[in-house]
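One structure is given here, and the rest of the page talks about it.
Atoms considered below: every heavy atom in the structure, side chains included; atoms not considered: hydrogens, waters and symmetry mates. Reminder, nothing fancy here: chain letters follow the sequence lines and each chain counts from 1.
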2 protein chains.
Amino acid sequence: MGGVFKALGDPTRREILSLLRDRDRSAGEIAEHFEISKPAISKHLDILKEAELVSAEKQGLYRIYSINLTVLQETVSGFMDLFEKE
Amino acid sequence: MGGVFKALGDPTRREILSLLRDRDRSAGEIAEHFEISKPAISKHLDILKEAELVSAEKQGLYRIYSINLTVLQETVSGFMDLFEKE
DNA sequence: TAACTATTTAGCTAATTAGTTAAACAAAGT
DNA sequence: ACTTTGTTTAACTAATTAGCTAAATAGTTA
C-alpha cells in the first residue's frame, strides 16, 4: 500500500494516470505528453507497474499501458476509511 | 494538492496521521511512538502542516497537533473523482 | 539477416529527502 | 534571573530519486 502513495507522490506519475484514465496508450504515446525523456517516462511507468496502478501488455512493437482502477480505488478508499468520523 | 500526496508518500507521516485520528497529541507524544529522533518527527510534522493535513496550536509548553480531516478527505476524494467510471 | 522502430536497461549526475547531533528558542516554575 | 522541559532550527551526511545520454533488447518489415 505504501507503494501506491509513493507512486502518487510524483506529479508526472499522477498525470500519466490521468492520461490512462481516458484510454490505454503505448509508452511512446504517453511520453509524447511530457517534456522529459522517454527513459525517464519508462522509469515512471515501472514504478506505477510496481505499485500495480498500471499494467502493460505487449502488442507487437508496442507496450500498451492501462490503468488499474481497482487497485487505485481500493487502496486509496481503503486508506481513507481509516479517517472516517464515526 | 501535490503537497498532500507527497506528504502521504511517507509511511512515518501516514502513521502520524493515524495517531492524530484518535486524538490530538503534543509533538513529544507523537515522537514517543517512533524510533527516530524528535527533530526528525518535527520535520515530518512541518511537512504535514505545510500540506495542511495537520494544524498546531501552542498550549503552554506544548504544541498540540490535530489532524485536518477536511483537507485530507476533500483532496483525496477530489482526486479520486477523476478516476470514477461514468 | 539487415535495417528500422519502440521501449527498456545501464551508468551516470544533480537534486531532494530522511535521518543525525548540537544549538537555539520558548514557556514555566523556583 | 536560573533551570528545566518541550520543541524547533541549523548544519551536516547518507540514501533515494528524477533526470540525462548511450547502449541494449525486442519485434517488424524488407
Is [X] near enough to [N] that one of its side-chain N or O atoms lies under 4.0 angstrom from OP1 or OP2?
X: B:S26; N: D:dT7; answer: yes
X: B:Y65; N: D:dT8; answer: yes
X: B:S37; N: C:dT20; answer: yes
X: B:H44; N: C:dT17; answer: no

How close or far is atom [atom2] of [N] from atom [atom1] of [X], stated in whole angstroms?
X: A:I30; N: C:dT7; atom1: CD1; atom2: P; value: 9 Å
X: A:E57; N: C:dA6; atom1: CD; atom2: C1'; value: 16 Å
X: A:I41; N: D:dT21; atom1: CD1; atom2: P; value: 14 Å
X: B:I16; N: C:dG19; atom1: CD1; atom2: C1'; value: 13 Å
X: B:E35; N: C:dA18; atom1: CD; atom2: P; value: 18 Å
X: B:E29; N: D:dT5; atom1: CD; atom2: C1'; value: 15 Å
X: A:R14; N: D:dA18; atom1: CZ; atom2: P; value: 12 Å
X: A:I47; N: C:dT9; atom1: CD1; atom2: P; value: 12 Å

[X] has a side chain; which of [options] sits nearest to it?
X: A:P39; options: C:dA27, D:dT28, D:dA22; result: D:dA22
X: B:K58; options: C:dT8, C:dA26, D:dA18; result: C:dA26
X: A:R63; options: C:dT7, D:dT8, C:dG19; result: C:dT7
X: A:D10; options: D:dA18, D:dG27, D:dG19; result: D:dA18
X: B:A40; options: D:dT8, C:dG19, C:dT8; result: C:dG19
X: A:I36; options: C:dT9, C:dA18, D:dG19; result: D:dG19

Name the nucleic acid region contacted by A:K49, choosing base, sugar-phosphate or nothing; use a 4.0 angstrom heavy-atom cut-off, strictly under.
nothing
Could you check whether any side-chain N or O of [X] sits under 3.5 Å from a backbone N or O of [Y], counting only pairs where one atom can act as donor and the other as acceptor?
X: B:R13; Y: B:H44; result: no
X: A:Q73; Y: B:F83; result: yes
X: A:R25; Y: A:Y65; result: no
X: A:S42; Y: A:K38; result: no

Between B:R13 and B:Q59, which is nearer to the 5' end of DNA chain C once each is assigned its nearest nucleotide?
B:R13
Please figure out whether A:L61 or A:L45 has its closest DNA chain C nucleotide nearer the 5' end.
A:L61
Please determine whether residues A:I47 and A:L69 belong to a single hydrophobic cluster, defined as Ile, Leu, Val, Met, Phe, Trp and Tyr linked transitively by side-chain heavy-atom distances below 4.5 Å.
no
Does B:S42 or A:K6 map to a spot on DNA chain D nearer the 5' end, using the closest nucleotide for each?
B:S42
Check this for me: does any side-chain nitrogen of one of B:R23 and B:E29 sit under 4.0 Å from a carboxylate oxygen of the other?
yes
Determine whether any donor atom in the side chain of B:K43 lies under 3.5 Å from an acceptor atom in the base of C:dG19, or the reverse, and answer yes or no.
yes
